[in-house]
Amino acid sequence: MSDNDAAVAYGNYLKIDELLSLQHPRSEGPEHDEMLFIVIHQVYELWFKELLHELDRVRTLLEQDEPHRVQHTLKRVLTILKVMVAQLDILETMTPLEFLTFRQRLEAASGFQSDQFRQLEFTLGIKSEHAIARFQPGTRARAALERRYREPTVWDAFLHYLAREGYTVPPAHLHRDPTVPVEPSPDIQTILVELYRHDTKNAELCERLVDLDEGVQEWRYRHVKMVERTIGTKRGTGGSSGAAYLRTTLAQPIFPDLWEIRALL
Ligand code: HEM
């Protein structure tokens, strides 16, 4: 195969021409920093896609009673999350004034409208009907969100797995409405304390879920700090109060029971 053929295969397989044609700055000139802003958001959307792909795998592997493979997949998820947090450093090289050179051209566009981010939240158990209503009926985003809203979360799959491992998970938890956000439960905490004391394999698995939870919280924290240093107390382009709104999302654990039990051990 000649170098030329290899290049054609690479480009065809990865759709490089299409990929490189997807960055369209809106500012006049265009302003230099807008390219970074577009590229980094597109990169995040690709990582969101990959995370959803891997979390679907985590759920399936839990359903198939494959705890070691679940841990393996969670390790990949965590590694991606770390890269996602680190990537915020790149955007922080953009000063407030550089951002202002094109900010008004974003109009109402905001990460607020990332359906894949909401899909991730839904898959992890942070469900909100209100969040679905922001997306137009009939769009890909709306359909994907409605589907994930009704689907069991990673935590639901984990509780079913624990029941099959012999833990007496109350039926109310196994047959709960998956559209309701996951709330802390003293019954589940009692099971988890027992598990942490006597079941190393599953305790390790729980620790990887805590890593995942902490990783998402870390991303939220770094994002709000970046927002504070870039736009301060200004409102967001998506219409929220900006950093003040984002700070309300910080103390929102994904798996609250796994945090509650620390004090009980
Ligand atoms: C200069 C860079 C950025 C600024 C100033 C910024 C600002 C904001 C603000 C103010 C909000 C609150 C919603 C609103 O009213 O707009 C928000 C939400 C959000 N942003 Fe950013 N952002 C930036 C970069 C990014 C990047 C690179 C991503 C990656 C995809 C991102 C993802 C999100 C997400 C997912 C939300 C919704 C968070 C939630 O509702 O919990 N942002 N952003």
Side-chain angles (χ1 to χ4, degrees), residues 22-27 30-53 55 77 80-135 141-142 144-145 148-149 153 181-182 212-254:
L22 297 175
Q23 295 72 38
H24 301 285
R26 289 174 57 96
S27 57
E31 290 294 343
H32 180 80
D33 287 75
E34 192 176 354
M35 182 61 85
L36 171 66
F37 190 78
I38 292 172
V39 167
I40 204 151
H41 278 85
Q42 290 182 341
V43 169
Y44 271 111
E45 286 295 332
L46 287 175
W47 282 132
F48 290 159
K49 181 171 184 168
E50 177 63 17
L51 280 186
L52 285 165
H53 185 61
L55 288 174
V77 167
I80 294 170
L81 266 171
K82 287 209 179 302
V83 168
M84 285 172 59
V85 170
Q87 276 178 195
L88 288 171
D89 288 348
I90 307 174
L91 206 48
E92 284 187 343
T93 64
M94 182 177 69
T95 67
L97 286 176
E98 283 169 341
F99 184 43
L100 283 174
T101 60
F102 63 90
R103 189 185 189 220
Q104 75 283 1
R105 303 305 300 265
L106 303 179
E107 297 175 15
S110 160
F112 217 25
Q113 296 148 353
S114 166
D115 69 278
Q116 290 202 106
F117 183 79
R118 297 293 164 223
Q119 286 191 55
L120 277 170
E121 287 191 327
F122 284 10
T123 304
L124 292 171
I126 303 171
K127 302 247 176 145
S128 151
E129 207 169 2
H130 182 65
I132 303 179
R134 291 199 204 104
F135 296 85
R142 176 76 175 239
L145 273 170
R148 289 206 181 261
Y149 183 64
T153 69
V182 175
L212 165 59
D213 196 330
E214 201 172 338
V216 172
Q217 292 187 48
E218 216 175 315
W219 185 85
R220 289 192 200 271
Y221 174 78
R222 284 296 315 277
H223 173 260
V224 72
K225 283 291 147 196
M226 180 190 66
V227 171
E228 283 171 357
R229 69 184 280 172
T230 310
I231 61 168
T233 54
K234 290 179 191 167
R235 295 186 68 79
T237 45
S240 83
S241 57
Y245 154 71
L246 291 168
R247 278 194 297 269
T248 66
T249 68
L250 290 181
Q252 196 176 20
I254 294 166

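Atoms within each ligand, like the ligands themselves, are counted from 1 in listed order.
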State, to 0.1 Å, how close [X] and [Y] come at their nearest heavy-atom pair, and which atoms those are.
X	Y	result
Gly239	Arg235	O-NH2, 2.8 Å
Gly215	Val85	O-CG2, 4.3 Å
Thr249	Arg220	O-CD, 3.4 Å
Thr123	Arg148	OG1-NH1, 3.1 Å
Glu228	Ala243	CG-CB, 3.7 Å
Leu81	Leu212	CD1-CD1, 3.7 Å

Which of the atoms in ligand 1, numbered in the order shown and given with their element, are less than 4.0 Å from a heavy-atom of [X]?
X	result
Gly242	10 (C)
Gly238	14 (C), 15 (O), 16 (O)
Thr249	41 (O)
Leu91	2 (C), 24 (C), 27 (C)
Gly239	15 (O)
Ser110	13 (C), 14 (C), 16 (O)
Phe37	1 (C), 2 (C)

Please confirm whether the backbone N or O of Phe37 pairs with a side-chain atom of His41, one donor and one acceptor, at under 3.5 Å?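 Looks like yes, one N/O pair under 3.5 Å.
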Gln116 side chain vs Glu45 backbone, donor-acceptor pair below 3.5 Å: yes
Which residue and heavy atom of the protein sit nearest [atom], plus the separation:
atom	value
atom 40 (O) of ligand 1	Tyr245 OH, 2.4 Å
atom 4 (C) of ligand 1	Val227 CG2, 3.9 Å
atom 30 (C) of ligand 1	Tyr44 CB, 3.4 Å
atom 19 (C) of ligand 1	His223 CE1, 3.5 Å
atom 10 (C) of ligand 1	Gly236 CA, 3.5 Å
atom 26 (C) of ligand 1	His41 NE2, 3.2 Å
atom 1 (C) of ligand 1	Met94 CE, 3.6 Å
atom 3 (C) of ligand 1	Met226 CE, 3.7 Å

Residue part near ligand 1, for [X], under 4.0 Å between non-hydrogen atoms:
X	result
Arg118	side chain
Leu246	side chain
Ser240	both
Phe117	side chain
Arg220	side chain

Sole residue of Gln87, Arg222, Lys225 in side chain to side chain donor-acceptor pair (under 3.5 Å) with Glu92: Arg222
Passes salt bridge (charged side-chain N to carboxylate O under 4.0 Å, His left out), Arg105 versus Glu34? Steps please. CA-CA 10 Å; Arg105 303 305 300 265; Glu34 192 176 354; over 6 Å; no
Among the heavy atoms of Trp47, does any lie under 4.0 Å from an atom of ligand 1? no
Atom CD in Glu121, atom OG in Ser114: separation rounded to 0.5 Å?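 OG of Ser114 is found 9.5 Å from CD of Glu121.
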Using the ring of each side chain (for Trp, its six-membered ring), is Tyr149 parallel, tilted or perpendicular to Phe122, with breaks at 30° and 60°? tilted
Parallel under 30°, tilted from 30 to 60°, perpendicular over 60°: which one fits the rings of Trp219 and Tyr44? perpendicular
